[in-house]
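Data first, discussion second: the structure below is written as structure tokens.
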There are 2 protein chains.
Amino acid sequence: MGLAKTEMFTDQQNEIALFAKAFGHPARVAILQHLFKINTCVCGDLVNEIGLAQPTISQHLKELKHLGLIKGNVEGTSVCYCINTENWSKMKQVMHAFLDQDMNNPTCC
Amino acid sequence: MGLAKTEMFTDQQNEIALFAKAFGHPARVAILQHLFKINTCVCGDLVNEIGLAQPTISQHLKELKHLGLIKGNVEGTSVCYCINTENWSKMKQVMHAFLDQDMNNPTCC
DNA sequence: TTTGTTTATTGCAATATTACGATTAATATT
DNA sequence: AATATTAATCGTAATATTGCAATAAACAAA
């Protein structure tokens, strides 16, 4: 079907899955890493930085923006993107809670 | 196309994306959380625990196993699954390195 | 106003993912 | 051997994702 049955899972589980899905494509990973690396807004050169066509990059940016992980500020004809640090922190908390769970006393076969 | 152009990204970026993709479905999140929660191997009741059909669960388990995040031990007619703690730790390192990157001096528009 | 520059949107083709019924495989039990 | 139990696999339908060419939209500069 290709359709996740989200209604049978908790909000937390769905939230984790949504964030994870955003990181589930190397182009989006690369975009985010670049935004962190350059340490400021990036206007335009993402298409040159990543090797994909402009509409493809635009689409990935849209997803990240929709999730709130990045911000886009219009600057004349170009748009400047940067990490939404506040939301990134919130996302980190959610993901850490999931990744850092531990088995206190693992007794496996 | 539905096909990620992995060759234009670094191994690290592709690895992050692969792990993230595994967490990109609430059923797999739920499976992993359950394995952590019960603190031991689980033989069989995952289908009852999660609300999906047996072949669907089996498919999700296969993906997680293929990534090395869980182990499956055959116990008679049933199979016991548990977290592969060693690989889970390695995965955590990779994901933390990505999530915990920081802008030292964010100057945004 | 025309032209150039930059980003978003549309439309579409190719591939991937999700889900499950039906079946198979493997092993226990009787 | 026959039957039951459990999990994997196969086949298939429905939906999602990825990528890009073509186009549109928005704005600046001439």
Side-chain angles (χ1 to χ4, degrees), chain A residues 1-9 13-14 17-32 34-35 41-67 70-82 109, chain B residues 1-9 13-14 17-32 34-35 41-67 70-82 109:
Chain A
M1 307 210 157
L3 170 60
K5 295 194 159 179
T6 55
E7 74 280 1
M8 60 199 342
F9 302 104
Q13 286 163 345
N14 283 315
L18 275 181
F19 282 133
K21 205 188 271 186
F23 306 139
H25 193 289
R28 290 190 290 268
V29 171
I31 287 171
L32 292 165
H34 186 63
L35 289 182
C41 299
V42 57
C43 302
D45 58 342
L46 270 171
V47 174
N48 301 325
E49 191 66 27
I50 323 286
L52 296 168
Q54 180 267 323
T56 308
I57 298 291
S58 188
Q59 201 171 298
H60 285 306
L61 288 169
K62 190 181 177 184
E63 284 178 65
L64 293 172
K65 196 175 165 189
H66 187 254
L67 257 182
I70 64 175
K71 288 190 281 194
N73 297 80
V74 180
E75 294 261 316
T77 49
S78 64
V79 180
C80 294
Y81 284 101
C82 60
C109 352
Chain B
M1 306 212 156
L3 171 60
K5 296 196 158 179
T6 55
E7 74 280 1
M8 58 197 345
F9 302 103
Q13 286 163 344
N14 283 315
L18 275 181
F19 282 134
K21 205 188 272 187
F23 306 139
H25 193 289
R28 290 190 290 269
V29 171
I31 287 170
L32 291 165
H34 186 65
L35 290 182
C41 299
V42 58
C43 302
D45 59 342
L46 269 171
V47 175
N48 301 324
E49 192 65 27
I50 323 286
L52 296 168
Q54 180 266 322
T56 308
I57 297 293
S58 188
Q59 203 170 298
H60 285 306
L61 287 169
K62 190 181 177 183
E63 284 179 64
L64 293 172
K65 196 175 165 188
H66 186 254
L67 256 182
I70 64 174
K71 288 189 281 194
N73 299 79
V74 179
E75 293 263 316
T77 49
S78 63
V79 180
C80 293
Y81 285 101
C82 59
C109 354

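To find a chain, count down the sequence lines: A is the first, B the second, and so on, and within it residues start at 1.
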inquiry  = Expressed as a whole number of angstroms, how long is the span from A/E75:CD to C/dA8:C1'?
reply    = 18 Å

task = May I have the distance from B/L67 (atom CG) to C/dT17 (atom P), rounded to whole angstrom?
result = 11 Å

message = Rounded to whole Å, how long is the line connecting atom CZ of A/F9 with atom C1' of C/dA19?
response = 11 Å

note = D/dT9 -> Watson-Crick or G-U wobble partner, both distances under 3.5 Å, gives C/dA22

query = Given atom CG of A/N73 and atom C1' of C/dT6, what is their separation to the nearest angstrom?
reply = 16 Å

Could you give the side-chain donor-acceptor pairs of residues 56-63 of chain B under 3.5 Å, partners two or more places apart or in another chain?
residue : atom : partner : partner atom : Å
B/H60   : ND1  : B/R28   : NH1          : 2.9
B/E63   : OE1  : B/R28   : NH1          : 3.3
B/E63   : OE2  : B/R28   : NH1          : 3.3

Atom pairs, N/O to N/O, protein against nucleotides 4-10 of chain D, distance under 3.5 Å?
residue : atom : partner : partner atom : Å
D/dA7   : OP1  : B/G44   : N            : 3.0
D/dA8   : OP1  : B/Y81   : OH           : 2.3
D/dA8   : OP2  : B/S58   : OG           : 2.8
D/dA8   : N7   : B/Q54   : NE2          : 2.6
D/dA8   : N6   : B/Q54   : OE1          : 2.8

ask   = Where is the tightest heavy-atom contact between B/C80 and B/E75, given as atom of each residue plus distance?
value = SG-CG, 3.4 Å

ask   = How would you list, by chain and number, every residue that makes a side-chain contact (heavy atoms from CB on, under 4.5 Å) with B/L67, sequence neighbours excluded?
value = B/F19, B/A22, B/L69

ask   = DNA chain C: A/L3 or B/V74, which has the more 5' nearest nucleotide?
value = A/L3

request  = Kindly state which residues belonging to residues 20-32 of chain A come within less than 4.0 angstrom of DNA chain D, counting heavy atoms of the residue only, listed by number.
outcome  = A/K21, A/H25, A/R28

task = Let me know the distance between NZ of A/K5 and P of D/dA16, rounded to the nearest Å.
result = 14 Å

task = Can you see which heavy atom on A/G24 is nearest to which on B/A20, and at what distance?
result = N-CB, 3.8 Å

ask   = What residues form a side-chain contact (heavy atoms from CB on, under 4.5 Å) with A/K71, not counting sequence neighbours?
value = A/N73, A/C82, A/N84

ask   = Given side chains that start at C-beta, do those of B/V47 and B/L52 come closer than 4.5 Å, heavy atoms only?
value = no

Spacing of A/E63 atom CD relative to C/dA8 atom C1', expressed in whole Å = 14 Å

B/H60 side chain near C/dT17 phosphate (N/O to OP1/OP2, under 4.0 Å) = no

request  = Check whether any side-chain heavy atom of B/K21 lies under 4.5 Å from a side-chain heavy atom of A/F23, and answer yes or no.
outcome  = no

message = What is the distance, to the nearest angstrom, from the NE2 atom on A/H66 to the P atom on D/dT17?
response = 12 Å

ask   = Partners of A/E49 by side-chain hydrogen bond (donor to acceptor under 3.5 Å, both in side chains), sequence neighbours excluded?
value = none

inquiry  = Just so I know, are the side chains of A/L64 and A/Y81 near enough to count as touching, which here means a heavy-atom distance under 4.5 Å?
reply    = no

